[in-house]
Amino acid sequence: MATASPQQSLDDIIKTVLEDHHLQQQQQQQQQQEFLSSLETVVLTIFLSIIIIMTVFGNLLVMVALCKDRHLRKKKTNYFIVSLAFADLLVAVVVMPFAAVELTTGQWRYGQIFCLVRTSLDVLLTTASILHLCCIALDRYYAICCQPLVYSHKMTPVRVAVMLGSCWIIPTFISFLPIMQNWNAIGIEDIIEERRALTGGSNDTSCVFLVNQPYALICSAVAFYVPLALMVLAYQRIYVTATTHARQIETLQRAGSAPACGTARAVTVRSSTSSDPTELYRPRTRAGSPSTDQAAVVNSRMRVETKAAKTLAVIMGCFCLCWAPFFITNVVDPFIHYSVPWQLWTAWLWLGYINSGLNPFLYAFLNRAFRRAFLMILCCGDERYSRQGSCSYRQTHGSLNGTSMALRLSFLPNQSYSDHGQTVLANEQESHDSLGKQ
């Protein structure tokens, strides 16, 4: 009977110790990875929850403000902003929570039918939100560039209702109708099954949504590229019109068109896209040398152009930054055999969701009338803000509007313009208010 030598016993002991040490290292690494994974999940959950809560709060505040403030309800164009807030609120309540649960848990727990319903709601509500942004841009374009003197007669409640209805009806043709009929999956059924197999789930435990090439092109064009083109054209024309009106006012003042009796009346010009409708073009008393007045006018015009450029750049920049990556990927992915990583898809999708949280700040919080209503709500109806709002409302009705005046004076002889301006303002107040929706 052979016995183990001392050397062999020592080697076995060393080998056993090394194996135990290696096993302990593996266990520690596994525990560390699980801890990091849990920590990442907690951080991700907190981050997504903050996005959802802020989106709900901001858009709900916009809707409550319209219900409580009668001055806001008098402006037909404010209904575009409120309808936009309603669409973004539904995105935060109906779409984001399920997407957050799926992302943090790695599983879909609600079955195949609700997967199709959730996806349809996702496409419907996000497209409706984008179309509302397009309608707001077109409304501003129509008020400022096309018919600034007869805006209130052209933008009737019926036309506003038609535009709002289109924002909700058009998305149904690229959401519930094709998705519930599985038109988006025609020709790529095998790829979808392979993707489900890779995720390790069945139809009830995984929510895989892929689109074929025709659906990707049509959906992206309707939901993003066509509205983007219209918004770019509209805001470009708004900016050109604002700067042109500022130059016209400067020319009129230099030519001595302002009243000469007593102290002269100068027009403080602000951007037509300003967030404050009461400060668009405000009259003020001036006195001084002609050179000083001309320098002030030039500086005022430069401020107009700079303000308009910055405001429009922020709006278009946020919109493109949030949605362009997703829709570019949505078009490209079907043509490169669906090779875009899911992590990149998820990042682009949530970046688009964030746009629903930014919209209240871009389209309502920058508006003085809405800000006053927000303060009234958050401060439990403090009378100070109510009096401030009434004062601002009266100032709006008594202020000169440089845009309308510049257009009007281009057809009038070289004479005092105060009487003509007041006549125009009496009929076109709502048109002027629409210029301040940014």
Side-chain angles (χ1 to χ4, degrees), residues 47-48 50-63 77-78 80-92 95-96 99 122-123 125-141 144 167 171 220 222-239 242 271-276 305-330 344-368 370-371 374 435-438:
F47 176 70
L48 298 181
I50 292 175
I51 294 176
I52 295 173
I53 293 172
M54 291 299 294
T55 304
V56 171
F57 175 77
N59 289 287
L60 191 61
L61 194 60
V62 172
M63 298 177 64
T77 51
N78 282 344
F80 287 107
I81 295 179
V82 173
S83 185
L84 169 67
F86 181 62
D88 291 332
L89 178 64
L90 291 180
V91 171
V95 176
M96 289 188 189
D122 190 343
V123 177
L125 296 175
T126 53
T127 303
S129 176
I130 294 173
L131 292 182
H132 277 89
L133 303 183
C134 181
C135 282
I136 291 173
L138 293 178
D139 174 74
R140 291 172 180 167
Y141 167 79
I144 299 172
C167 291
S220 299
V222 173
F224 180 73
Y225 291 106
V226 172
L228 174 64
L230 293 176
M231 290 174 66
V232 170
L233 291 175
Y235 282 131
Q236 187 270 340
R237 291 304 306 162
I238 288 172
Y239 175 70
S271 166
S272 294
T273 57
S274 170
S275 62
D276 186 359
E305 297 178 357
T306 303
K307 173 67 175 178
K310 288 181 179 179
T311 303
L312 300 181
V314 168
I315 290 177
M316 290 305 304
C318 290
F319 175 72
C320 293
L321 178 64
C322 290
W323 279 118
F326 174 83
F327 281 102
I328 292 174
T329 306
N330 191 52
L344 190 62
W345 267 114
T346 303
W348 294 157
L349 181 61
W350 275 92
L351 187 61
Y353 290 159
I354 290 176
N355 185 248
S356 294
L358 292 177
N359 286 335
F361 294 92
L362 295 176
Y363 291 89
F365 283 43
L366 296 181
N367 184 296
R368 170 175 288 189
F370 272 101
R371 288 202 305 269
F374 297 155
L435 307 184
K437 290 294 189 298
Q438 292 186 35

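Of all the heavy atoms in F224 and W323, the pair that sits closest is CE1-CB, 3.6 Å. Taking all atoms of both residues into account, the shortest heavy-atom contact from I52 to A92 is CG2-O, 3.6 Å. The two residues A223 and I130 have their closest heavy-atom pair at O-CG2, 3.1 Å. Heavy atoms only, all atoms of each residue included: N355 and F319 are closest at ND2-CA, 4.1 Å. Residues L228 and C320 approach most closely at CD1-SG, 3.7 Å, considering heavy atoms.
Take L233 and apply the side-chain contact (heavy atoms from CB on, under 4.5 Å) test, not counting sequence neighbours, and it matches no residue. Looking at residues two or more places apart in sequence or on another chain, you find a side-chain contact (heavy atoms from CB on, under 4.5 Å) between C134 and L138, P227, L230, M231. Considering only residues two or more places apart in sequence or on other chains, Y225 meets the ring pair (Phe, Tyr, Trp, His ring centres under 6.0 Å) condition with none of them. P360 pairs by the side-chain contact (heavy atoms from CB on, under 4.5 Å) definition with N59, V62, F365, not counting sequence neighbours. Residues meeting the side-chain hydrogen bond (donor to acceptor under 3.5 Å, both in side chains) test with W350, sequence neighbours left out: none.
Other residues, nucleotides and ligands contribute more than 12 heavy atoms inside 6.0 Å of the CE atom of M316.
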Distance-only donor-acceptor pairs under 3.5 Å for side chains of residues 80-89, two or more places apart:
unit_1	atom_1	unit_2	atom_2	d
S83	OG	H132	NE2	2.5
S83	OG	W168	NE1	3.1
D88	OD1	S129	OG	2.6
D88	OD1	S356	OG	3.0
D88	OD2	N359	ND2	3.0

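A distance of 9.5 Å separates CD1 in I51 from CG in L351, rounded to the nearest 0.5 Å. Interatomic distance, OH of Y353 versus CG of L48, reported as 11.0 Å (0.5 Å rounding).
Between N78 and F370, the closest side-chain pair of non-hydrogen atoms falls below 4.5 Å.
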